[in-house]
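What follows is one structure encoded as structure tokens, with my remarks underneath.
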There are 2 protein chains.
Amino acid sequence: MDHEERRSQIAEAVVRIAASRGLEAASMREVAAEAGVSLRLVQYYFHTKEELLRGVLAHLGRLIAQRVARAVAALGEPVTPRTFLYGALPALIPTDDESRRIVLAYQAHYTLTLTRPELAPDGLTYANALRDLVARHIREAQEAGQASGDEDPGVAAAIVLALVTGLQSSVLAGQYDGPEAVALLTAHLDRLFT
Amino acid sequence: MDHEERRSQIAEAVVRIAASRGLEAASMREVAAEAGVSLRLVQYYFHTKEELLRGVLAHLGRLIAQRVARAVAALGEPVTPRTFLYGALPALIPTDDESRRIVLAYQAHYTLTLTRPELAPDGLTYANALRDLVARHIREAQEAGQASGDEDPGVAAAIVLALVTGLQSSVLAGQYDGPEAVALLTAHLDRLFT
DNA sequence: GTTTTCATGGTACACATGTATCAAGAACGG
DNA sequence: CCGTTCTTGATACATGTGTACCATGAAAAC
């Protein structure tokens, strides 16, 4: 059978367990049962548990990137800095069940990596790259006169991304639902693009 | 011996373990060893593990509230809405080792409650109360002409608190250090208080 | 002074965990 | 046809886990 597909299937099982019963309930045996395979098979595709968790984290990264890319693509051409930010950032907020599962599992892994850094091989690479990307779009919007220019693009990008992270947490905890959180995010963006 | 003190001592041990090796490493035996007491004693003061985790969460809440109160008190009189926000909110960002421990342990517990709501008896009570408190201060600042009045205080409060949450995560992950995160937060506040 | 409650210790038990081992069919090239 | 490599299965093992049980001073109440 195809290796990548099997690994995805198992990783998906971990995501489901982590989102419903918590990451600590994702034992090798539970994962095997949830994925509908034998324990030995989980061991075969992910030799150790550490490798499994790393694989799941990578899988979650792909899922999230895919969701964002899809949201941006749905905007149609042309993709201006403004439409990019209004399209990509809200895609990170959990709305439907699937995005909630993904973000919840991601947050569980994220928290785990805080005390087990060896599980996050790339560490802050993606976070910093994303911030720089957002900063670049903000700067372009400023140069095009769409945004007020009296703010450092790097600072504004860091703020808006931290806001997204915080809103993710709030939605997961049930403080706001998806649309409410998106409204808060766009309210912040609206002040950026005066 | 004093009951409350013993419970605090044990809860503090859990916080240290959670911050260094992760909450999943906080088994009853490890907690006992870290606290320098016997396993039986941990069982005596917290009959079950669920009760222990609830106790630690309550303890963390007290520690955080105490830190914020201290930061506000350090501002001296009079406490205006503006000084309150500039004093209380940055106190939530991890700067020294102790605040890092507290926030890290809190985040671990928070993530755990997402899939085990029975561990968070008060749920969103505090979060909503804090948001309303911040909203009230923002509204007062607006009425005093210290802040631009074209923004809903509730929305602004929700945004700034989500930002704080996101900055906490970023600092824990090492993306920003404490002073950088505080600078980002005050940059946001500065735009609120034109 | 005896009894009862509190505080602490040691230990046992049933179970879950990650990992390793042994085994057997399947696919496939020589 | 045979051997080799890839997949999959069942199971064993050592250890860690939460919890329960029994025991012992100490203090307090009557």
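Lettering of chains follows the sequences in order, A, B, ..., and the numbering in each one begins at 1.
- Residue pairs meeting the side chain to side chain donor-acceptor pair (under 3.5 Å) criterion with at least one member in residues 149-164 of chain A, sequence neighbours excluded, are A:Ser148-A:Asp150, A:Glu151-B:Arg191.
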Output, in order, the C-alpha distance, side-chain angles, deciding distance and verdict of ring pair (Phe, Tyr, Trp, His ring centres under 6.0 Å) for A:His188 and B:His188.
CA-CA 10 Å; A:His188 178 78; B:His188 178 78; 5.6 Å; yes
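- The CZ atom of A:Arg40 sits 16 Å away from the P atom of D:dA12 (whole-angstrom rounding).
- Comparing atom distances between the B:His3 side chain and each of C:dA7, C:dT11, D:dT11 picks out C:dA7 as nearest.
- Checking the phosphate oxygens (OP1, OP2) of C:dG18, no side-chain nitrogen or oxygen of A:Thr48 falls inside 4.0 Å.
- Between B:Glu140 and B:Arg136 there is no salt bridge, since no side-chain N of the basic residue sits under 4.0 Å from a carboxylate O of the acidic one.
- Across all strands, A:Phe46 comes closer than 4.0 Å to no nucleic acid atom at all (heavy-atom distances).
- Taking atom OH of residue A:Tyr45 and atom P of nucleotide D:dT8, one finds them 4 Å apart after rounding to whole Å.
- The phosphate of D:dG16 has neither OP1 nor OP2 within less than 4.0 Å of any side-chain N or O from B:Ser27.
- In this structure, B:Phe84 and B:His137 have parallel ring planes: the angle between them is below the 30° cut-off, well short of the 60° mark.
- Close to C:dG9, at under 4.0 Å from its OP1 or OP2, lies no side-chain N or O of B:Tyr44.
- Per the geometry, CD belonging to A:Gln43 stands 13 Å off P belonging to D:dA10, to the nearest Å.
- Under the 4.0 Å criterion applied to side-chain N and carboxylate O atoms, B:Arg101 and B:Asp96 are not assigned as salt-bridge partners.
- The distance between atom CG of A:Leu41 and atom C1' of C:dA24, rounded to the nearest whole Å, is 15 Å.
- Which of C:dG10, C:dC13, C:dT19 sits closest to the side chain of B:Arg29 comes down to C:dC13.
- Side-chain proximity of B:Lys49 to the nucleotides C:dA7, D:dT7, D:dG18 is greatest for D:dG18.
- Look at NE2 on A:His47: it is 13 Å from C1' on D:dT7, rounded to the nearest Å.
- In this structure, B:Glu51 places its CD atom 14 Å from C1' of D:dG18, rounding to the nearest Å.
- Distance CZ (A:Arg21) to P (C:dA16): 13 Å, rounded to an integer number of Å.
- Look at CD on B:Glu24: it is 20 Å from P on C:dA16, rounded to the nearest Å.
- Considering only the side chain of A:Ser38, D:dG9 comes nearest among C:dG10, D:dG9, D:dA20.
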